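Below is one structure, written out as structure tokens, with a few remarks after it.
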Amino acid sequence: MAVSGADTDKKLFLAAPRGYCAGVDRAVVTVEKALEAYGAPVYVRKQIVHNRHVVETLEERGAIFVDELDEVPDDALVVFSAHGVSPQVKNEAANRGLRTIDATCPLVTKVHHEAKRFANDDTQILLIGHAGHEEVEGTTGEAPENITLVQTPEDVDGLQLDPDRPVAWLSQTTLSVDETVETVDRIRQLHPQLINPPSDDICYATQNRQHAVKQMAPKCDLVIVVGSKNSSNTGRLVEVALESGAKASYRVDNAGEIKESWLDGVDSIGVTSGASVPETLVRGVLDLLTSKGWPQAEEETLIEESLSFALPPQLRKRRTAAR
């Protein structure tokens, strides 16, 4: 039931940064521009980003999402998702003569390059990540003989490594900073000569969104995280909120999933969103809360993000030609 007027005793906070990161924005725009330039259908291997609303919106415009390339007709155009693909997938597409556009996040591509470089040096690579995640599968495909997946700090104790070969670590970009540090520290205890990647593999957006939640959570009875269930960074934001002092935290795809019982006895709410979430879904949550008497949100800004990535070359060429 809507309440007229805001309850001045209540507080509503909005974390910043939140939502789309540069890699997600680039990937979504890539599919949109491919549809404009080439016409529907445009096939996309896997979800372009892990957000149900984004996928459904692109489907309405003519994108067709598939799990594997054998679902793509000959001579079709296929976009590789932001999470990246293995060389085997790229070779399959080339052998079939499929037209491809690679929307892999440049930060993921950086990890792929690091995997190849370490493998060329005959280095054993410990990849910290989640089994079955598209990004992990893509990175592993770059050097399958050299890479061993490590999912938790506990996995480290069971590793069987060649003591005469160097050991390096890489990580899935969307992992938690704290979780990765704990795993790396455990590896280094057993392998003191562990080699770090040339730069931190944790995505800047993952770090910023987690730090913004850490800043906001201690003053919140409830933190609502907008994002889809299969989004790794979204799920971790819920955990970070609870670890940082929020009394409760829940993930929702949209405002319609918020339960009335969550709001009972709550005086302060924080709202944020995962890196693949469009701002319109966050605004829907805020609109729902204000309709129930919550005040306008106070934005808690941790840092301003300005990074952007160029579109894939096929689309840059077409945009230039159209001018």
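Just so you know, these numbers come straight off a predicted model, no measurement behind them.
- The closest side-chain heavy-atom distance from Val252 to Val225 is not below 4.5 Å.
- Counting heavy atoms from C-beta on, the side chains of Ser81 and Val49 never come closer than 4.5 Å.
- Once rounded to the nearest 0.5 Å, the distance linking CZ of Phe118 with CH2 of Trp169 reads 9.5 Å.
- Remark: side-chain polar atoms of Ser231 are not paired, donor with acceptor, to backbone N or O of Gly227 under 3.5 angstrom.
- Residues Val277 and Val54 have side chains not in contact (no heavy-atom distance under 4.5 Å, counting atoms from C-beta outward).
- Between Tyr38 and Gln314 the shortest side-chain heavy-atom distance falls below 4.5 Å.
- Between Lys219 and Glu300 a salt bridge is recorded (basic side-chain N to carboxylate O distance below 4.0 Å).
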Walk me through whether Asn254 and His53 qualify under side-chain contact (heavy atoms from CB on, under 4.5 Å). CA-CA 9 Å; Asn254 53 57; His53 173 83; over 6 Å; no
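- His130 is not listed as a side-chain neighbour of Leu149, based on a closest heavy-atom distance of 4.5 Å or more.
- Within the 3.5 Å criterion, the main-chain N or O of Asn233 finds no donor-acceptor partner in the side chain of Thr174.
- Nearest heavy-atom pair, Pro278 versus Asn51, reported as atom, atom and distance to 0.1 Å: CD-OD1, 3.9 Å.
- The closest side-chain donor-acceptor pair between Arg188 and Asn196 falls under 3.5 angstrom.
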Show your working on side-chain contact (heavy atoms from CB on, under 4.5 Å) between Val78 and Leu69 and close with a plain yes or no. CA-CA 8 Å; Val78 59; Leu69 292 183; 4.0 Å; yes
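- In this structure, SG on Cys21 lies 10.5 Å from CG on Asn208, to the nearest 0.5 angstrom.
- Judged by distance alone, with hydrogens and angles left aside, the side-chain atoms of Glu114 form no donor-acceptor pair with the main-chain N or O of Leu170 at under 3.5 Å.
- Asp122 approaches Pro166 most closely through the heavy-atom pair O-CD, 4.1 Å.
- No side-chain heavy atom of Val167 sits less than 4.5 Å from a side-chain heavy atom of Leu159.
- When atom types are taken as modelled, the side chain of Ser268 and the backbone of Asp221 share a donor-acceptor pair closer than 3.5 angstrom.
- Only one option out of Val31, Thr30, Val24, Asp25 pairs with Val28 in a side-chain contact (heavy atoms from CB on, under 4.5 Å); it is Val24.
- A donor and an acceptor atom, one from each side chain of Gln47 and Asn230, are located under 3.5 Å apart.
- A salt bridge does not link Lys11 with Asp267: none of the charged nitrogens is closer than 4.0 Å to a carboxylate oxygen.
- Paired with Leu127 under the rule side-chain contact (heavy atoms from CB on, under 4.5 Å), one option of Thr139, Val150, Asn146 passes, and it is Thr139.
- Hydrophobic clustering (ILVMFWY, side-chain heavy atoms < 4.5 Å, transitive): Leu237 and Leu222 are in distinct clusters.
- Minimum interatomic distance between Phe13 and Cys220 (heavy atoms only, all atoms of both residues): CD1-SG, 3.9 Å.
- Under a hydrophobic-cluster definition in which Ile, Leu, Val, Met, Phe, Trp and Tyr are linked whenever side-chain heavy atoms come within less than 4.5 Å, directly or via other members, Leu289 and Val266 are assigned to the same cluster.
- Of all non-hydrogen atoms in Cys105 and Phe309, the two that sit nearest each other are SG-CE1, 4.3 Å.
- Counting heavy atoms from C-beta outward, Leu161 and Leu126 have side chains that approach closer than 4.5 Å.
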Could you check Leu107 against Val111 for side-chain contact (heavy atoms from CB on, under 4.5 Å), going step by step and ending with a plain yes or no? CA-CA 7 Å; Leu107 299 179; Val111 178; over 6 Å; no
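- Side-chain atoms of Ser228 and Asp253 form a donor-acceptor pair, as typed in the model, at a separation below 3.5 Å.
- Following chains of ILVMFWY side-chain contacts shorter than 4.5 Å, one can reach Val79 starting from Leu35, so the two form part of one hydrophobic cluster.
- Between the side chain of Arg283 and the main chain of Glu279, no donor-acceptor pair closer than 3.5 Å is present.
- How far NZ of Lys292 is from NZ of Lys10: 12.0 Å, rounded to the nearest 0.5 Å.
- Taken together through direct or relayed side-chain contacts under 4.5 Å among Ile, Leu, Val, Met, Phe, Trp and Tyr, Ile147 and Val156 form parts of separate hydrophobic clusters.
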Test salt bridge (Lys or Arg N to Asp or Glu O under 4.0 Å) applied to Arg52 and Glu257, step by step: CA-CA 14 Å; Arg52 189 175 72 185; Glu257 295 185 354; 3.6 Å; yes
Give the intermediate values and the outcome of side-chain contact (heavy atoms from CB on, under 4.5 Å) for residues Glu36 and Arg61. CA-CA 10 Å; Glu36 292 175 9; Arg61 297 183 58 175; 3.8 Å; yes
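- Between Arg236 and Glu239 a salt bridge is recorded (basic side-chain N to carboxylate O distance below 4.0 Å).
- Under the 30°/60° scheme for interplanar angles, the aromatic rings of Tyr250 and Trp262 are found to lie parallel.
- Between Arg96 and the options Asp70, Asp74, Asn91, a side-chain hydrogen bond (donor to acceptor under 3.5 Å, both in side chains) holds for only Asp74.
- Annotation: the span from Gln172 atom CD to Ser232 atom OG amounts to 5.0 Å, rounded to 0.5 Å.
- How far CZ of Arg45 is from NZ of Lys90: 11.0 Å, rounded to the nearest 0.5 Å.
- The minimum heavy-atom distance linking Pro87 with Gly141 is given by the pair CD-O, 3.4 Å.
- Here Asp75 does not pair with Arg99 in a salt bridge; the nearest charged N to carboxylate O distance is not below 4.0 Å.
- When each of Leu288, Val282, Ile269 is tested with Ile224 by the rule side-chain contact (heavy atoms from CB on, under 4.5 Å), just one qualifies, namely Ile269.
- Side-chain N or O atoms of Arg26 include one that pairs as donor or acceptor with a backbone N or O of Ala310 at under 3.5 Å.
- Judged purely by atom type and a 3.5 angstrom limit, Gln215 has no side-chain atom pairing as donor or acceptor with the backbone of His211.
- Clustering ILVMFWY residues whenever any of their side-chain heavy atoms sit less than 4.5 angstrom apart, transitively, puts Leu263 in the very cluster that holds Val271.
- No donor-acceptor distance shorter than 3.5 angstrom exists from the side chain of Gln210 to the backbone of Gln207, with no hydrogens or angles considered.
- Remark: the backbone N or O of Phe65 is not paired with any side-chain donor or acceptor of Glu59 at under 3.5 angstrom.
- Here the shortest heavy-atom pairing between Arg165 and Gln124 reads O-NE2, 3.1 Å.
- Side chains of Glu137 and Ser86: no donor on one and acceptor on the other come within 3.5 Å.
- Side chain of His133 to main chain of Glu135: a donor-acceptor pair is present (N/O by atom type, distance under 3.5 Å, no hydrogens or angles).
- Two residues are said to be in side-chain contact when any heavy atoms from C-beta on lie closer than 4.5 Å; Glu142 and His113 fail this criterion.
- To the nearest 0.5 Å, atoms OG1 (Thr152) and CZ (Arg186) are separated by 11.0 Å.
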